[in-house]
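For reference, the structure discussed in these notes is given below.
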Amino acid sequence: MTKSFITNKPALNMTLVGFGQAGARIVDVFAKYQTAEGEQTYNCLALNSNEGDFKELRYIDPSNRISLDLGGLGKNPEKAEKILAKDQRVKSIMHNFISKKLRVKDDLVLFVAGLGGGTGTSTIVKTIEDFYELHNKPIIQQVLDKMIAQVGEEVYKQREVEINQRAFKVAEEQFVKIGVIACLPLEHEGHDVLRQVSKFANKIWKLANDPKKGVSFVIFPDNQFFYNNFKQLPQTTKDSFDNYRDYSNYEIANTLHEINAAANQGGTSIVMDSEDLKRALTERKGCLFISKQEVPSTVVESALDITKLFEKTMMTNCMHDPIEIQSENGFAKLYHMGLLASIDSKKDYGNGSFMEAATEVAYEHLPFTGTIFNGYVQEKNESKVTTYVFYKADALPKRLSKGLAQEYNEYISAIKEANFTSAGIEKIEENNLDLLEEVTLSELGLDDFISAEPAKDGEDPTDILAILDDFDFTF
């Protein structure tokens, strides 16, 4: 990472909310960043169903950790949906959280969750819906009321559809913008998890495409993608993380922070400023795709090499497998694009001509309907050259659009073909042999104790039971 990015003030002020364990751990990485003045760079919060799930968090302030006190939800988001809809105590906690805890004056509110079937899967969907009701819907109503007051009730009745549309367009400019990060699970987490992930990912995508909800973008980082990459890392790099999940959390948070810090850097002839980044991230809607390439400056000899690195960056993705820009039905809609480079100051690559060249390459490769914003910074970067490409598109990662369904069907086929057995306890058949019937009293050594003669009148009969109690039957 470029040294100044660590303590730069962000181009966009953001509130980040982590839902469930996975989401909270990602946001906890964001909470680690501090400005040069020692202030926390981002406003970070965590919401979970169980107080104990906060124990792993290190940087999110305890006052910003909100528990629903449900003791966990057992990886059952469908059950959680019902609780969130009906439990008045939980609804009250959620209402206070959304209405009072979220810092809506920020440029962006970013909701983060894992879609593995736990708390985050359901609560992130519920929060998007409630956020609209509490924050953006009132804005629409206020603008509409003002327009009706201006034109009068009669005119409004005659031109209701037109005025409603105009009111929405005006209100949309005032919306609190939302970003969503929803992480896909590993392939081997089971068919029920895949089914629920598909169901809730569809809900999120539907909300993201509803203009009223104010969702500017969705990112679908893929844990399977990070896991595969983690396995290929040098051992020394692996050792800096506890596991692949920590690695993926770091990559997600770090990449977004670098882009946000770079856009507030300046100092070169071509600069992407905070307004450029805000437009790129908050205008239009769709899936946000981010790619990053980082190489030693020793292999980047010229400005042309940087242009080629940008070209490679455009064709990859750093959070999931690439998307299909072109299909048999045509091209996906692509909106604004950002091109950023961080170059170590030890080498001179000219006056930034590589940025214009990279912009030209982008237009050649991808069918944009928006603007390309670009810029670069040049200072200490650990003798590396780093390029970033990000854009929004009406498209999805391949694994989400088709792969999850294929994985689910493969699971079901494997289950149907498997030869399952039923567990049982083998019975012991009853045996009617009476061993005592085959043994004489003499063989038991009772001749001296048992008289064959019956007791005479006035004599006590022999107490056979007492004799048997005292007898040693050990063989």
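The 12-atom threshold is exceeded at NZ of Lys231, counting heavy atoms of other residues, nucleotides or ligands nearer than 6.0 Å. The environment of NE2 in His365 is crowded: more than 12 heavy-atom neighbours from other residues, nucleotides or ligands sit within 6.0 Å. Atom NZ of Lys101 has more than 12 neighbouring heavy atoms from other residues, nucleotides or ligands inside a 6.0 Å radius.
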(message) Assess the residue pair Phe289 and His320 against the criterion (side chain to side chain contact (heavy atoms under 4.5 Å, CB included)); give the C-alpha distance rounded to whole Å, side-chain angles, the decisive distance to 0.1 Å, and a yes or no.
(response) CA-CA 9 Å; Phe289 299 98; His320 49 69; 3.4 Å; yes

Margin query: Evaluate Lys146 against Val170 for side chain to side chain contact (heavy atoms under 4.5 Å, CB included), listing each step before the verdict.
Written below: CA-CA 11 Å; Lys146 187 175 181 180; Val170 173; over 6 Å; no

Intermediate values then yes/no, side chain to side chain contact (heavy atoms under 4.5 Å, CB included), Phe30 and Val112: CA-CA 11 Å; Phe30 280 97; Val112 187; 5.6 Å; no

What verdict does the side chain to side chain contact (heavy atoms under 4.5 Å, CB included) test give for Phe168 and Ile140, after you've listed the backbone C-alpha separation in whole Å, the side-chain angles of each residue and the deciding distance to 0.1 Å?
CA-CA 6 Å; Phe168 176 76; Ile140 299 173; 3.9 Å; yes

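Between Lys9 and Glu37 the shortest side-chain heavy-atom distance falls below 4.5 Å. The closest side-chain heavy-atom distance from Ile343 to Phe354 is below 4.5 Å. Under the 4.5 Å side-chain criterion, counting only non-hydrogen atoms from C-beta, Phe97 is not in contact with Asp130. Between Val389 and Leu339, some side-chain heavy-atom pair lies under the 4.5 Å cut-off. For the pair Leu396 and Ile323, the minimum side-chain heavy-atom distance is 4.5 Å or more. Residues Phe54 and Ile60 fail the side-chain proximity criterion, which asks for heavy atoms closer than 4.5 Å. Taking 4.5 Å as the limit, every side-chain heavy atom of Ser122 sits out of range of all side-chain heavy atoms of Ile83. Side-chain contact between Asp305 and Tyr349 is absent, with no heavy-atom pair separated by less than 4.5 Å.
The structure places CG of Leu309 at 8.5 Å from OG1 of Thr386, a figure rounded to the nearest 0.5 Å. Between Glu283 atom CD and Lys177 atom NZ the span is 8.0 Å, to the nearest 0.5 Å. One finds the OG1 atom of Thr371 at 12.0 Å from the CE atom of Met337 (value rounded to the nearest 0.5 Å). Separating the CG atom in Leu194 from the CD atom in Gln196 is a distance of 10.0 Å, to the nearest 0.5 Å. Remark: Ile98 CD1 to Leu134 CG distance equals 6.0 Å, nearest 0.5 Å. Distance CG/Asn260 to OG1/Thr41: 9.0 Å, rounded to 0.5 Å.
Put simply, the side chain of Ser92 never gets that close to the backbone of Gln88: no donor and acceptor are under 3.5 Å apart. Between the side chain of Thr35 and the backbone N or O of Asn8, no donor-acceptor pair lies under 3.5 Å. For Thr7 (side chain) and Ala36 (main-chain N/O), no donor-acceptor pair under 3.5 Å exists by modelled atom type. No side-chain donor-acceptor contact under 3.5 Å links Ser198 to the backbone of Arg195. Judged by distance alone, with hydrogens and angles left aside, the side-chain atoms of Asn223 form no donor-acceptor pair with the main-chain N or O of Leu186 at under 3.5 Å. Put simply, the side chain of Thr255 never gets that close to the backbone of Ile252: no donor and acceptor are under 3.5 Å apart. The backbone N or O of Val109 sits nowhere less than 3.5 Å from a side-chain atom of Arg103 that would complete a donor-acceptor pair. For the pair Asn317 (side chain) and Pro322 (backbone), a donor-acceptor distance under 3.5 Å is absent. Gln40 places a side-chain N or O within donor-acceptor distance of the main-chain N or O of Ala31, the cut-off being under 3.5 Å.
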Sequence neighbours excluded and cut-off under 3.5 Å, please list the side-chain donor-acceptor pairs for residues 10-27, or say none.
residue	atom	partner	partner atom	Å
Thr15	OG1	Asn43	ND2	3.0
Thr15	OG1	Asp106	OD2	2.8
Arg25	NH1	Glu56	OE1	3.3

Name every donor-acceptor pair, under 3.5 Å, that has one atom in a side chain of residues 151-159 and the other anywhere in the protein, sequence neighbours excluded.
residue	atom	partner	partner atom	Å
Tyr156	OH	Asn164	OD1	2.8
Arg159	NE	Glu162	OE1	3.2
Arg159	NH2	Glu162	OE2	2.9

Could you pull out all donor-acceptor pairs under 3.5 Å where a side-chain atom in residues 355-364 meets a protein atom, sequence neighbours excluded?
residue	atom	partner	partner atom	Å
Thr359	OG1	Met355	O	2.9
Thr359	OG1	Asn374	ND2	2.7

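When all heavy atoms of Ala201 and Leu400 are compared, the pair lying nearest together is CB-CD1, 3.8 Å. Residue Ser63 comes nearest to Asp61 through the heavy atom pair OG-OD1, 2.5 Å, listed as atom of the first residue, atom of the second, then distance. Summarising the geometry of Phe175 relative to Pro211, their closest heavy-atom pair is CE2-O, 3.7 Å, with the distance given to 0.1 Å. Scanning all heavy atoms of the two residues, the minimum distance from Lys392 to Arg284 falls at NZ-O, 3.2 Å. Leu184 and Arg399 make their closest contact through CB-NH1, 4.0 Å (heavy atoms, listed as atom of the first residue, atom of the second, distance). Nearest heavy-atom pair, Val271 versus Asp276, reported as atom, atom and distance to 0.1 Å: O-OD2, 3.9 Å.
Contacts classified as ring-ring contact (aromatic ring centres under 6.0 Å, His included) and involving residues 195-221 (residues at least two apart or in different chains) are not found. For residues 199-211, every residue pair satisfying the salt bridge (Lys or Arg N to Asp or Glu O under 4.0 Å) rule, not counting sequence neighbours, is listed here: Glu78-Lys199, Glu81-Lys203, Asp210-Lys212, Asp210-Lys213.
Here Tyr244 pairs with Tyr227 under the ring-ring contact (aromatic ring centres under 6.0 Å, His included) rule; sequence neighbours left out.
The closest side-chain donor-acceptor pair between Ser291 and Thr313, if any, does not fall under 3.5 angstrom. For Asn228 and Gln224, the side-chain atoms include at least one donor-acceptor pair closer than 3.5 Å. In summary, the side chains of Asn254 and Tyr33 do present a donor paired with an acceptor at a separation below 3.5 Å, with no hydrogens or angles considered.
Classification of the Phe241-Tyr250 ring pair by plane angle, with boundaries at 30° and 60°, yields tilted.
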